[in-house]
Amino acid sequence: MIPEPNILTPEAWAEIECGGTVAVDFETFYTAAYSVAELGLWAYCHDPRFQAYLVAVTDGERTCVCAPSRFPWATIAGRTWVSHHRDFDRSVFERLQEQSAVPSGIAPAIWLCSAALCAYLQHPRDLVGAVKAVFGETLDKGPRERAKGRVPGEDYLLAAEISRYAARDALACLALWNHLERHWPPHERRLFDLTSDMGRHGLAVDWAYVRAKRLELEDLAGSIADALPWKPATSVKQFEAACERIGVPAPPSTSSADPGFARWLKKHIDSDAATWVRHMQRVRSANRTAKVLESMEARRMPSGRMAYELKYFGASTGRWSGGGGLNLQNLNRKTAEGVDLRRAIIAPPGHVLAAVDFSQIESRVLLFLAGDTEALVLFRDNPDADAYEIHARRTMGYAEPEPLKAWCDRTGSNLRQLAKARVLGLGFGCGWRKFIEVARVMAGLELSEDDSKGVVERFRDSNPRIVRLWQRLEDACEARDGDHYALPLPCTQHAPAAKRYVLYRDVHVSDEDITATVAGERVKVYGGLLAENWTQATARDVLASAWLRCACAGFVPVLSVHDELVFELPEATAEANLARIIALMETPLPWAPHLPLKVEGKLMPFYSK
DNA sequence: GTGTAGGGCGCG
DNA sequence: AAAGCGCGCCCTACAC
C-alpha cells in the first residue's frame, strides 16, 4: 500500500509540475530534556536549541527530502498539505518562516492532519500503529531513535538513513490520508481546527501568582521532605523499611484516597508511621502542584499568554484529552497547600472569564439513551430540578412539592446525598462492594454491606430501562463474536454517510467473558461498560455541538473541559453575552430533541469551579 | 543512561 | 450474576 520512495533532489523537484495533496514531514533535533513534552509546541519551536534539519515532501509519486531552506516551497504554495501531527509540523514551519529559513508568504490552501483523522476513526494515533492497523505494514522507528540527541548532518550514513525514513513517513502519512479521509465529516474537521486554534491562542495567566506560588510550594515540599528520615521523601519502599524498623505494619497503600489506607490510618493514627505517610502525601501533592506551575511557566509566550495543547479525540469515546506536557483538564478544583491552580488563569484586561458547563450531562444522557420517557418529562416539567432530585422523584418515592435540596436542608434528610450516589454510581453496573466505596467518596455516606446490597437491588428494580439498556448493548456486542462491534451514536442518526460509532474491534466471546480491542488494548466488555461508553461519547457530542454552535455565533472558547466551555468576554457586554451563550448551549439538539439540557454559567475575573 | 510499569494524584 | 468509566503527568523502582 505504501510505495517505495522515489527521492528527488530539490532541483529535480522544482522541474516537475504536480497537483493534488502533498504530505509534509519535518525532522527536528530533540533530547529527553528538550522535547515537545517538556515545553509544548510553541516553546519547543522558540527554544535556542530548535533546529529543523530535514523536510520530506511527497505527492505520492515523487518525494523530495532536503534541508528545509533548500526546498522549493513555491512549488507547493496554495495547495493542500497534510501532516501526521499537523500542529507540530505547522509550528515548525511557522518558526522557520520567522527565522527566514523558509520564505514568508508561502502557505497551503489548507493544512490537514492524518493523525487526527486516525484518532477519529479509532485507529492508533501514532504513525507506526496506524500504518500497522490500516495497511498491515510495519514501519521501523529505529532511524528516528538513533537520531535522538543528534543532528544527522554530521554523520553521512545516519543522514541517508534518516532521509529514507522521513520520505517513507511522508508517504505513509499521504497514504493514510487518501485512504481514510472520506470518513472524517466536515464538522469534526472543524472541531479539530477549533481545538488547535484554541491552544495556539492560549490563555491569559497571572504570572506573578504562578511564580510566587511555585517558589512557595518548592520550599514547602523541601521542608516537609527534610522532616522525613529517608530520601527520596516520596519513596514508598523507604517508608515501608522505616515502618519495619519501628514495628508498625506498612499500609496496603499510601494513597490518601485508598480505603485500605483509611483503615490502616485509623488503627495506627498515633504512630510515627502515620505522621510520615501524611508528610509523604503532602510532599506529593505540593510537588504535583509546583510541577504544573513550572510547566505553565515554560509555555509563556511574549504576548503574556500561555500556549497549550488539547488532544482532539484523545479518548476512545471522542472526548478531548490533555497533551503536550500540560494537562489543563485536571487542574485541582480546590486549593492544595494554599495554592489554587485555577486562580492562575485570568481574564485579559477589559475582559471577564465565562465558565459555562452542562449540569449532570451524563446522567441526563443516560436516561435519554435508556428511553426513560417519564424521567425526561419530569426534567421538562421541573426545569430547576437537578438530576438527583428527578431521580428521587422518579424512583425513590420523593413527592414533596418543595425542591429536594431545600427539603433535605430543612429536615436533615440524606435523601439527596443517597440519590446523588445512586445516580453517579449505579447507572453503569457498579455492584454493592464497589458501591460502598463510591457512596463514601461521592456522597460521604457510610453504608454497611446489607445497606449497599439493598440500595443496589432497589436501584435496579426501580430503573428497569437502564438495566435493560445494559442487557441490550451486551447482547448486541455478543452477537458480533469474531467481528467488530460498532456502537452507533445518536448525533449522526440522520446522516448515515458520516455515522459516528464507538468501536470495539475483534470481539471475542468465551464462556467467562466478552473481550474486544479498544484503543489498542484487549479489554473486558460488559453491558455496564457499553452503557457508560455510549453515554460518555454522546455527552461528548453534546459538548461538541455546543462548541460548534457557539463558534458559529462568534463565541470562540479559550478552554474546553469535557462538559464545560470557557470564554473571554469583553466586560461591557459580558452579562448579555453569557445569556446568549447559555441559550445557545441549552437549545435542544436536532439529533436529540427530548434530551433535557441544563447549563450553568458564571462570570469571573479568574478561572475557578 | 534509557525505557517502562505501577502507584499515586489530579480532573469530568 | 457481576462489573462505574474516561483521561495525563510525575515519581520510583527496575530491567536492559
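Residues A:H484 and A:R505 come closest through the heavy atom pair ND1-CA, 3.3 Å. Between A:L369 and A:R472, the closest heavy-atom pair is O-NH2, 4.0 Å.
The residue A:K524 sits apart from the nucleic acid: no heavy atom pair falls under 4.0 Å. No contact: A:R540 has no heavy atom under 4.0 Å from any strand. Within 4.0 Å (heavy atoms only), A:S253 reaches sugar-phosphate atoms of the nucleic acid but no base atom.
Partner A:D206 forms a side chain to side chain donor-acceptor pair (under 3.5 Å) with one of A:R211, A:K213, A:R343 and no other, that one being A:R343.
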Trace of the ring-ring contact (aromatic ring centres under 6.0 Å, His included) decision for A:H391 with A:F459: CA-CA 10 Å; A:H391 177 76; A:F459 177 88; 5.5 Å; yes
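When the side-chain nitrogen and oxygen atoms of A:R333 are compared with OP1 and OP2 of B:dG12, one or more of them lie within a distance under 4.0 Å. Using a 4.0 Å cut-off, some side-chain N or O of A:S255 falls inside it from OP1 or OP2 of B:dC9.
A donor atom on one side chain and an acceptor atom on the other are not found under 3.5 Å apart for A:Y388 and A:Q360. Looking at A:Y44 and A:S91, their side chains never bring a donor and an acceptor atom within 3.5 Å of each other. Under 3.5 Å, the side chains of A:R284 and A:T254 contain a donor-acceptor pair of N or O atoms.
A:R364 and A:E586 are not joined by a salt bridge, as no carboxylate oxygen comes within less than 4.0 angstrom of a charged side-chain nitrogen. Ion pair A:D386/A:R416 flagged as a salt bridge, since at least one NZ, NE, NH1 or NH2 atom sits closer than 4.0 Å to an Asp/Glu carboxylate oxygen. Using a 4.0 Å cut-off between charged nitrogen and carboxylate oxygen, A:E564 and A:R333 do not count as a salt-bridge pair.
Here the straight-line distance linking atom OG of A:S363 with atom CD1 of A:I390 works out to 11.5 Å at 0.5 Å rounding.
Residues A:N533 and A:R460 both approach DNA chain C. Their nearest nucleotides, taken by heavy-atom distance, put A:R460 toward the 5′ side.
Nucleotides of DNA chain C lying under 4.0 Å from heavy atoms of chain A occupy a range whose first and last members, 5' to 3', are C:dA2 to C:dC14.
Between the C1' atom of B:dC11 and the NZ atom of A:K609 lies a distance of 10 Å, rounded to the nearest Å. For the pair A:K334 NZ and B:dG10 C1', the interatomic distance rounds to 12 Å; values are reported in whole Å. Protein atom CD of A:Q281 is 16 Å distant from nucleotide atom P of B:dG7, rounded to whole Å. Whole-Å rounding puts the A:R364 CZ to B:dG12 P distance at 17 Å. Remark: P of B:dC9 and CG of A:D258 are 9 Å apart, rounded to the nearest angstrom.
For the segment residues 310-331 of chain A, residues with any heavy atom less than 4.0 angstrom from an atom of DNA chain C are, sorted by number, A:K311, A:A315, A:S316, A:R319, A:S321, A:G322, A:G323, A:G324, A:G325, A:L326, A:N327, A:N330. Only A:K291, listed by number, bring a heavy atom of residues 282-300 of chain A to less than 4.0 angstrom from any atom of DNA chain C.
Side-chain contact between A:C113 and A:Y120 is absent, with no heavy-atom pair separated by less than 4.5 Å.
Among pairs with a residue in residues 435-458 of chain A, none fulfils ring-ring contact (aromatic ring centres under 6.0 Å, His included), at least two apart in sequence or across chains.
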In residues 521-531 of chain A, what donor-acceptor pairs under 3.5 Å come from side-chain atoms, sequence neighbours left out?
from, atom 1, to, atom 2, distance (Å)
A:R522, NH1, A:D506, O, 2.8
A:R522, NH1, A:T517, OG1, 2.8
A:R522, NH2, A:D506, O, 3.1
A:R522, NH2, A:T515, O, 3.4
A:R522, NH2, A:T515, OG1, 2.9

For DNA chain C, the dot-bracket pattern of Watson-Crick and G-U pairs whose distances stay under 3.5 Å, | for other-strand partners: ....||||||||||||
